[in-house]
Amino acid sequence: MARFAIVGIVVAALIAGILLYYQQVYAYYTPVQAEAADVRLTSVVTGAPEEVIHDSFEAIDAESSPLRYRACFTIPLSQAMLTETYVIYDNAEPRVAPGWFDCFDAEQIGTDLRGDAIAFLGVENIQYGIDRIVAVYPDGRAYAWHQINECGEVVFDGNPVPETCPPKPESAE
């Protein structure tokens, strides 16, 4: 009788583990259909995001978290032109993508941001406290992800909105 109980517990734990793994890695992600507005960079002059020409767009996102957005694409514009036109983003930290989304290697992108790649502000507060970041390589490869900004870090920790941040929308409360 004890063996049946042990086997039952082990089988139940195994099934729960497989279900949990599936939900974390596969269940909530959906492909993003390419649109012109998916790749925008913030202009140095206007401070507003502008659509940027891109190609070979592949992206995933999930409604369960604003941080699950990842995208891979190419941009035909030079880094020199981009740095003169768009806002560079300091302290960019790419988020790890699920292993099956193999065009996005956060560890490699993070390493390359200290050398070849340059991070730009795509859209500030694409969702309150979350910025879209775009890293561009000299050969035109580019990657985008969402990252918590300074205002988001403070507010998501439960602290009041600092004076330097935009007011927190009611939907974010």
Side-chain angles (χ1 to χ4, degrees), residues 18-79 81-89 91-113 116-149 151-153 155-156 166 168-173:
I18 290 169
L19 181 62
L20 181 62
Y21 173 79
Y22 176 79
Q23 287 180 326
Q24 287 296 314
V25 176
Y26 296 100
Y28 298 107
Y29 286 100
T30 56
V32 174
Q33 298 303 315
E35 295 180 17
D38 285 324
V39 180
R40 294 181 286 170
L41 297 176
T42 299
S43 169
V44 171
V45 176
T46 66
E50 300 174 348
E51 293 177 5
V52 176
I53 298 169
H54 62 282
D55 194 22
S56 305
F57 185 84
E58 183 180 352
I60 56 173
D61 200 0
E63 290 183 20
S64 61
S65 170
L67 296 175
R68 290 190 171 205
Y69 180 86
R70 309 287 186 286
C72 308
F73 48 94
T74 58
I75 292 179
L77 308 171
S78 72
Q79 280 184 325
M81 184 269 194
L82 292 170
T83 57
E84 292 177 9
T85 311
Y86 300 108
V87 175
I88 294 175
Y89 193 92
N91 304 319
E93 297 177 21
R95 305 281 182 220
V96 175
W100 55 265
F101 190 66
D102 49 359
C103 72
F104 193 97
D105 182 348
E107 188 174 315
Q108 186 63 53
I109 296 166
T111 299
D112 293 344
L113 284 170
D116 290 339
I118 301 172
F120 296 92
L121 175 60
V123 180
E124 185 176 30
N125 287 309
I126 196 155
Q127 186 172 332
Y128 187 83
I130 307 293
D131 294 338
R132 181 169 292 173
I133 311 304
V134 177
V136 181
Y137 284 76
D139 64 3
R141 287 177 296 136
Y143 303 91
W145 66 90
H146 288 174
Q147 183 170 317
I148 297 174
N149 60 32
C151 297
E153 285 182 27
V155 173
F156 299 149
K168 185 177 173 184
E170 290 181 27
S171 62
E173 293 184 20

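These numbers were taken from a predicted model, which means no experiment stands behind them. Both backbone and side-chain heavy atoms feed into the values below; hydrogens, waters and symmetry mates do not.
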I'd like to check [X] versus [Y] (side-chain heavy atoms, cut-off strictly below 4.5 Å). Are they in contact?
{"X": "V44", "Y": "T85", "answer": "no"}
{"X": "D131", "Y": "I126", "answer": "no"}
{"X": "D61", "Y": "Y29", "answer": "no"}
{"X": "V123", "Y": "T42", "answer": "no"}
{"X": "V87", "Y": "L41", "answer": "no"}
{"X": "P98", "Y": "F104", "answer": "no"}
{"X": "I53", "Y": "I75", "answer": "no"}
{"X": "T74", "Y": "F57", "answer": "no"}

Which distance, rounded to the nearest 0.5 Å, do you find between the [atom1] of [X] and the [atom2] of [Y]?
{"X": "E124", "Y": "C151", "atom1": "CD", "atom2": "SG", "value": "7.5 Å"}
{"X": "C103", "Y": "E58", "atom1": "SG", "atom2": "CD", "value": "4.0 Å"}
{"X": "L113", "Y": "N91", "atom1": "CG", "atom2": "CG", "value": "10.5 Å"}
{"X": "R70", "Y": "I109", "atom1": "CZ", "atom2": "CD1", "value": "9.5 Å"}

Inset, instruction - Please lay out, stage by stage, how I118 and L82 fare under the test side chain to side chain contact (heavy atoms under 4.5 Å, CB included). - result: CA-CA 9 Å; I118 301 172; L82 292 170; over 6 Å; no

Inset, instruction - Compare every heavy atom of A59 with every heavy atom of A71, then report the nearest pair and how far apart it is. - result: CB-CB, 3.6 Å

Legend entry - Shortest non-hydrogen contact from P49 toward G122: CB-O, 3.7 Å

Legend entry - Residue pairs, two or more places apart or on separate chains, that pass side-chain hydrogen bond (donor to acceptor under 3.5 Å, both in side chains) and touch residues 135-144: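 Every pair satisfying side-chain hydrogen bond (donor to acceptor under 3.5 Å, both in side chains) with a residue in residues 135-144: D112-Y137, D139-R141.
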
Whether the side chain of [X] engages the backbone of [Y] through a donor-acceptor N/O pair (distance < 3.5 Å, no angle test) should be reported.
{"X": "Q79", "Y": "D116", "answer": "yes"}
{"X": "Q147", "Y": "E93", "answer": "yes"}
{"X": "N125", "Y": "Y128", "answer": "no"}
{"X": "R40", "Y": "D38", "answer": "no"}

Legend entry - Residues which pass ring-ring contact (aromatic ring centres under 6.0 Å, His included) with Y69, listed by chain and number, not counting sequence neighbours: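 Counting only residues at least two positions away or on another chain, Y69 forms a ring-ring contact (aromatic ring centres under 6.0 Å, His included) with H146.
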
Inset, instruction - Please lay out, stage by stage, how V134 and Y89 fare under the test side chain to side chain contact (heavy atoms under 4.5 Å, CB included). - result: CA-CA 9 Å; V134 177; Y89 193 92; over 6 Å; no

Inset, instruction - Mind running side chain to side chain contact (heavy atoms under 4.5 Å, CB included) on F73 and D55 for me, showing each step along the way? - result: CA-CA 6 Å; F73 48 94; D55 194 22; over 6 Å; no

Legend entry - Partners passing side chain to side chain donor-acceptor pair (under 3.5 Å) against D102 (at least two apart in sequence or in another chain): none

Inset, instruction - Please lay out, stage by stage, how V96 and W145 fare under the test side chain to side chain contact (heavy atoms under 4.5 Å, CB included). - result: CA-CA 9 Å; V96 175; W145 66 90; over 6 Å; no

